[in-house]
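Reading through the structure tokens given below for one structure.
Just so we're on the same page: letters track the sequence lines, and every chain starts at 1.
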Number of protein chains: 2
Amino acid sequence: MIRILLAEDQAMMRGALAVLLGLEGDIEVVAQVGTGTEIVPTALEVRPDVALLDIELPGISGLEAARELAEQIPECRVMILTTFSRPGYVREAMAAGAVGFLAKDGPVEELADAIRRVLRGETVLDPALAAATLRAAPNPLTARERDVLAASENGSSIADIAGRLFLSPSTVRNYLSAAIGKTGTRNKTEAALTARRNGWLA
Amino acid sequence: MIRILLAEDQAMMRGALAVLLGLEGDIEVVAQVGTGTEIVPTALEVRPDVALLDIELPGISGLEAARELAEQIPECRVMILTTFSRPGYVREAMAAGAVGFLAKDGPVEELADAIRRVLRGETVLDPALAAATLRAAPNPLTARERDVLAASENGSSIADIAGRLFLSPSTVRNYLSAAIGKTGTRNKTEAALTARRNGWLA
DNA sequence: ACCAGGCCGTGACAATTGTCAGAGGTGCCT
DNA sequence: AGGCACCTCTGACAATTGTCACGGCCTGGT
């Protein structure tokens, strides 16, 4: 029996996947969590063979959890299951030690088979997605630029961001200006959107 | 047998729900679509008892499709299944003639039962959500303000929006200013975000 | 020890954005 | 006919944002 830990924030999706995987004769969902924070503690307890992680979760992200799992439970294979096939996500997932990357816009039928394949030691990654990721520019933003962009995502003013990050408004404006240049956009809102779309934030 | 039409853009979610509902002895998923545009034509063809519609779909939205279904196939019950329990969505769904509103963050187990209940003529709507919707202010934005806000969601400049909507920049600025006032925000980005969050757009 | 690159800041300037006070026009309701 | 709500536009002004050029402070690599 393949023991699975399933991390997904949308309860209905989580439940549906759990039932579906449970129908496979050789797969057993031994734990389900709805937040990123629960992933590592739960995994330490149940010792799953495969962790199936969404990226965008409350608490820590699935990518961060993947890094921690790789460190603390190296024998547990990590597979990322996400809504967005963003180049930055694929890159980060692989860097975090994931051995599988599946998009939620693919057919469900692939899921169980993908799990079996990663357990056999194979890497599951759509070749077209891999190529697109390699073709796409890697994250050009510095850590500080990422911070500032992330802080601007809710439409905050520069003064707000400066206050929140304990920086001077001028500095924030400089970082934003740099980010606008690097993203090839025209203002901070566009910059934040494209950075997010490319998976360059969080 | 209860005949279901399932509209949901995320293939994995759609497939999982279809399998799950198929496991129920009295339910049969007779059609699955991934875009809003396909809903009405498909429904006209297969004549489902219940249409289970996501709101945010490519093409037309589930809410628009619900309105059309109510007109063209009044005997087909419409149930909305959505990620976001936005007050504006609930309000619009009910106004569009939907008899059920389910959030994807609820348990899957409720789904089949909810379908049976709407078919018996009951209305399925979480009482707490209904109360929150009634408590929340109804959409205060005029049609034009909505247009302008929606056009500003991607971070476009006022000049861009004006060009796209064939309005003068001054007019766009006025609408945005009005929207900022009505949403109680400080700039167009915040205004667009809160309007979207409340389900006041599209 | 030196340099490159990142971090933090300043000041000045131009462009964009947000506010306010107008002034018409339409269509709907009473 | 009049009132009302909405649409469209203008011009002026203040505030915010974006750009540029600059200087200083660390840190890691050579």
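Using a cut-off of 4.0 Å between Lys/Arg side-chain N and Asp/Glu carboxylate O, Lys104(B) and Glu56(B) are scored as not salt-bridged. Salt bridge absent: Arg77(B) and Glu122(B) never bring a charged side-chain N and a carboxylate O closer than 4.0 Å.
Identified under the side chain to side chain donor-acceptor pair (under 3.5 Å) test for residues 159-171 of chain A, with sequence neighbours left out: Ser156(A)-Arg164(A), Ser157(A)-Asp160(A), Ser168(A)-Thr171(A).
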For nucleotides 10-26 of chain C, 5' to 3', base contacts (B), sugar-phosphate-only contacts (S) and non-contacts (-) with protein non-hydrogen atoms under 4.0 Å give B-B----SBBBB-----

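In this structure, CZ of Arg144(A) is placed 15 Å from C1' of dT27(D), rounded to the nearest angstrom. Residue Leu165(B) contributes atom CG, which lies 9 Å from atom P of dT8(D) at whole-angstrom precision. Regarding Glu145(B), its CD atom lies at a distance of 14 Å from the P atom of dA5(D), rounded to whole Å. Between the CZ atom of Phe166(B) and the P atom of dC7(D) there is a distance of 18 Å, given to the nearest Å. Taking atom CG on Asp147(B) and atom P on dC6(D), their separation rounds to 14 Å, with Å as the unit.
Taking side-chain N and O atoms only, Tyr175(B) has a distance below 4.0 Å to OP1 or OP2 of dT8(D).
Defined by atom type and a distance below 3.5 Å, a donor-acceptor pair is present between the side-chain atoms of Gln10(B) and Thr83(A).
Within the 3.5 Å criterion, the main-chain N or O of Trp200(A) finds a donor-acceptor partner in the side chain of Asn139(A).
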In a table with atom names and distances, give each donor-acceptor pair under 3.5 Å that connects a side chain of residues 36-44 of chain B to protein atoms at least two apart or in another chain.
unit_1: Glu38(B); atom_1: OE2; unit_2: Thr35(B); atom_2: N; d: 3.3
unit_1: Glu38(B); atom_1: OE2; unit_2: Thr35(B); atom_2: OG1; d: 2.7
unit_1: Thr42(B); atom_1: OG1; unit_2: Glu38(B); atom_2: O; d: 2.6

